[in-house]
2 protein chains.
Amino acid sequence: MKHVTIKDVAKRLNVSVSSVSRAFNDKYDIKKETKELILRTAKEMGYHPNPIARKLMQQKSYNIGVVVPEFINEFFSETIIGIQDVLISKGYQVLIMQSNEHYENELMNVKTLSDNMVDGLIVSLSRETHNTEFYLKLLAEGYPIIFFNRINDSLPASKVIFNDFKWSFFATEHLIKQGFKKIYHLSGQNHLSLAKNRMKGFQKAIEKYDMSPEENRVIETGLLMDEGDKITQELIDNQDLPEAFSCVNDPVALGAMRALKRNKIKIPEEVGVVGFTETRLADLVDPSLTSVKQPTYEIGKTTAELLLKQINNGFKTPETVSLDGQLNIRASSVRKTIA
Amino acid sequence: MKHVTIKDVAKRLNVSVSSVSRAFNDKYDIKKETKELILRTAKEMGYHPNPIARKLMQQKSYNIGVVVPEFINEFFSETIIGIQDVLISKGYQVLIMQSNEHYENELMNVKTLSDNMVDGLIVSLSRETHNTEFYLKLLAEGYPIIFFNRINDSLPASKVIFNDFKWSFFATEHLIKQGFKKIYHLSGQNHLSLAKNRMKGFQKAIEKYDMSPEENRVIETGLLMDEGDKITQELIDNQDLPEAFSCVNDPVALGAMRALKRNKIKIPEEVGVVGFTETRLADLVDPSLTSVKQPTYEIGKTTAELLLKQINNGFKTPETVSLDGQLNIRASSVRKTIA
DNA sequence: CTGTTAGCGCCTTCAG
DNA sequence: CTGAAGGCGCTAACAG
């Protein structure tokens, strides 16, 4: 438990502590043999530099804070893996905190982390976060922060996002090409840029194929399975069912499917469904769910790389990286008989 | 970006640094008014103690390392939340690493963490880990380590485990009470104590209800969905289908269900299924899956508390805490018509 | 190439 | 109750 220090090694070899230090930091001149000797005996003695002392000197914590809404969700855990892979390989440690979608928790987490002197921050905003004052203050101080996925357009920081517009367009286009005539978009709350963009992608596809925007409309639903279920049930009750649903995310799509199945409505024969941001669930449900796959690992990796760049080179002008995904077509949206 | 230090505060108030330090550490005598004055102006100036310097003094990192096989899996992410909740509230930071089920990664992670002077370690062993030498060495040095879930019985350390035997017994008993006559246990590899215990729980139930151990047998399957699917398909092909499956975990159960559904065999009317270690999936699949719920959050919490106790009070004798769960009965195992 | 010295920011005796 | 001084382990000038 007692740690060997640089002094112990120096004493043992009758050299100065600086020599030992130098042996462990290539950047200084030191005779090859002494260096090797030091390294060897240091290893024998079980010495290795105390990272905390080093951090104190360098005024760097080599800690990076990550704040996400949650990490039960596959999307975020996969992203975190990407973040960690990059950061750990560069000698950083990653401190992960979750806001549970609450602004207060998020703020507290960010404060805790900055109080702990993390060298940078990676943040995905909670659903509740409208007040971005604290981020603005940190950014003004030059604190490196990168946002991903749940972003706020107005923050002057670098961001990594998914091209929601484009892929929602493709998902909708796929439904149209499958011959579905009347399509509703079950959307998320409009203040989330992610939801807004998916909605716009849907509308763009409707427009492009000269379909009526009144008949192919948007219904604000939410992000949860129960919300998708509830809205779908209402549509069924009102005899207002479309031929297909383009959904803001997989939970809403699964909710819609649950309601449809409960009412013995066949998927995709009677109603087609596509989701967004697929999880492994997409393959497991019956019928399997067509969904847009986001490059989760890449998102994390890119975010971390952007952060490192900013830490090392200083803050230039914010850049926004937009990544692409893929549409995985499965049973829920493929008509057995195409008209 | 530039941090206010204890000196700045001292200078501003014309007091000594020690007074400022004392103001921030209740344990010393200091006049109430000066303390308040210091605290107030410190706050104004945006000062707060540099945790790194503090750590250097106290020879503590206030970091805890957590190594798990993975955290895409709900089980582990939920456990980690329990761990974090306890540890963060006590001023610790949690460094999470994953082994991806590989011994080498696990070893590297543990080394990285101990090199970074974590004050303690929480570990869930990878599937591959047979060699426990490094843990033995650390434990011998008095390094606080707690193991959970994936443990190795022979390690002289405290552990938090789930009572697999008992709950597998209950799951099987439930099937028996539902009137299923011929039950197979789809088990995991036998070298995992977790799989072994679930198998034994199954056998115990069969024994208790005087059912034939030849007819109600164990089939070594694995832990993956595809393995459950494959074995079930083989049983169907060989006309050797039981009336019910007790499965080592949910993926295997879901695999079995997939094979059954593909072959138009009705669940639970023709074949009942129960899983183990339920995920949110259990509720989503059709029919919903009966499974044993583990107290994931509690497991994490208990593990963290055990670790803190050991850090604060020193290592006494190892203790093993065994937690209980609950059997969530759903459609997959409930016979519409009970004999 | 190597040793000496002065901190990094804080805590903690030891005097007073 | 308060100040001065030493040191946690390491790095970075500065001499030599």
Side-chain angles (χ1 to χ4, degrees), chain A residues 1-43 45-63 91 93 114-119, chain B residues 1-43 45-63 91 93 114-119:
Chain A
M1 209 55 193
K2 196 73 213 86
H3 266 251
V4 188
T5 79
I6 203 172
K7 275 188 193 165
D8 301 324
V9 181
K11 204 171 289 168
R12 170 87 99 83
L13 259 57
N14 270 322
V15 295
S16 70
V17 288
S18 17
S19 293
V20 181
S21 173
R22 283 192 266 257
F24 278 88
N25 297 276
D26 314 302
K27 48 183 165 178
Y28 295 98
D29 292 335
I30 181 172
K31 196 165 37 170
K32 210 172 176 185
E33 301 139 44
T34 44
K35 175 169 171 177
E36 274 163 13
L37 177 65
I38 289 171
L39 253 28
R40 190 150 23 88
T41 51
K43 193 167 184 184
M45 298 173 68
Y47 166 81
H48 75 110
N50 177 331
I52 297 177
R54 203 173 232 173
K55 288 169 183 174
L56 182 59
M57 266 302 310
Q58 301 183 191
Q59 299 285 66
K60 263 191 82 164
S61 70
Y62 283 97
N63 277 176
Q93 290 174 156
S114 70
D115 282 0
N116 274 287
M117 314 192 69
V118 292
D119 296 337
Chain B
M1 210 55 194
K2 196 73 212 85
H3 265 253
V4 188
T5 79
I6 203 171
K7 274 189 194 165
D8 302 323
V9 180
K11 204 170 289 167
R12 171 86 101 81
L13 259 55
N14 271 321
V15 295
S16 70
V17 290
S18 12
S19 292
V20 181
S21 171
R22 280 192 268 257
F24 279 87
N25 297 275
D26 314 303
K27 48 183 167 180
Y28 296 99
D29 293 333
I30 181 170
K31 197 164 38 169
K32 212 173 175 184
E33 302 139 43
T34 44
K35 175 171 171 176
E36 275 163 13
L37 178 66
I38 289 172
L39 254 28
R40 189 150 24 87
T41 51
K43 194 168 183 183
M45 298 175 68
Y47 166 81
H48 74 109
N50 178 329
I52 297 177
R54 203 172 231 174
K55 287 169 182 173
L56 181 59
M57 266 301 311
Q58 303 182 189
Q59 299 285 69
K60 264 191 83 166
S61 71
Y62 284 97
N63 278 176
Q93 290 173 157
S114 71
D115 282 359
N116 274 287
M117 314 192 69
V118 292
D119 296 337

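Chain naming here is simple, since letters A, B, ... match the order of the sequence lines and numbering starts at 1 in each. Reckoned from all heavy atoms, side chains included, excluding hydrogens, waters and symmetry mates.
One finds the CE atom of B/M117 at 13.5 Å from the OH atom of B/Y62 (value rounded to the nearest 0.5 Å). In this structure, CZ on B/R22 lies 9.0 Å from CD1 on B/I38, to the nearest 0.5 angstrom. Considering CG of B/N14 and CZ of B/R12, their distance stands at 11.0 Å, rounded to 0.5 Å. Between atom CZ of residue B/R54 and atom CG of residue B/N25 there is a gap of 5.0 Å, rounded to the nearest 0.5 Å. Atom OG of residue A/S16 and atom CD1 of residue A/I6 lie 8.5 Å apart, to the nearest 0.5 angstrom. From A/M57, atom CE reaches atom CG of B/L56 across 11.5 Å, with rounding to the nearest 0.5 Å.
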Could you walk me through whether A/R40 and A/L37 satisfy the side chain to side chain contact (heavy atoms under 4.5 Å, CB included) test, starting with their C-alpha distance in whole Å, then the side-chain angles of each, then the deciding distance to 0.1 Å, before giving a yes or no?
CA-CA 5 Å; A/R40 190 150 23 88; A/L37 177 65; 4.1 Å; yes
Open item on the list: A/N116 vs A/N63, test: side chain to side chain contact (heavy atoms under 4.5 Å, CB included). Steps then yes/no.
Closed with: CA-CA 9 Å; A/N116 274 287; A/N63 277 176; 6.0 Å; no
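For A/M57, the listed nucleotide lying nearest its side chain is C/dC8; candidates were C/dC8, C/dG3, C/dG9. Comparing D/dC8, D/dG3, D/dT11 by their closest approach to the side chain of B/R22 singles out D/dG3. Checking D/dC8, D/dG9, D/dT11 against every side-chain atom of A/K7, the shortest atom distance belongs to D/dC8. Taking the side chain of B/L56 as heavy atoms from C-beta on, and the options C/dG9, D/dT11, C/dC11, the nearest nucleotide is C/dG9. Of the candidate nucleotides C/dT2, C/dC11, D/dT11, D/dT11 has the atom nearest to the side chain of A/I6.
At the heavy-atom level, A/V20 lies nowhere under 4.0 Å from the strands shown. Contact annotation for A/S19: backbone-only contact, meaning every heavy-atom pair under 4.0 Å involves sugar-phosphate atoms and none involves a base.
Phosphate proximity of D/dT2 to B/T34: present, with a side-chain N or O under 4.0 Å from OP1 or OP2. Not one side-chain nitrogen or oxygen of B/T5 sits closer than 4.0 Å to the OP1 or OP2 atom of C/dG9. Phosphate proximity of D/dG9 to B/Q59: present, with a side-chain N or O under 4.0 Å from OP1 or OP2.
Residues from residues 45-54 of chain A lying near DNA chain C, meaning a heavy-atom separation below 4.0 Å, are absent.
Straight-line distance from the CZ atom of A/F24 to the P atom of D/dG9: 15 Å, rounded to whole Å. In this entry the distance linking CG of B/D8 with C1' of C/dC8 reads 13 Å, nearest Å. For the pair A/L13 CG and C/dG3 P, the computed distance is 10 Å after rounding to whole Å. As rounded to whole Å, 13 Å separates atom P of C/dC10 from atom NZ of B/K11. Atom-to-atom, CD1 of A/I38 to C1' of C/dT2 comes out at 10 Å; the value is rounded to the nearest Å. Put simply, CG on A/L37 is 16 Å from P on C/dC1, counting in whole angstrom units. The CD atom of B/E36 sits 13 Å away from the P atom of D/dC1 (whole-angstrom rounding). In this entry the distance linking CG of A/N14 with C1' of C/dG3 reads 12 Å, nearest Å.
For B/S18 and D/dA4, a side-chain-to-base donor-acceptor distance below 3.5 Å is present, hydrogens and geometry of angles not being considered.
Between A/V15 and A/T34, every side-chain heavy-atom pair lies at or beyond the 4.5 Å cut-off.
Proximity of a side-chain donor or acceptor of B/N50 to a complementary backbone N or O of B/I52 within less than 3.5 Å is detected.
Helix-axis bend for the helix from C/dC1-D/dG16 to C/dG16-D/dC1: the local axis fitted to the five terminal pairs at one end deviates from that at the other end by 50°, rounded to 10°.
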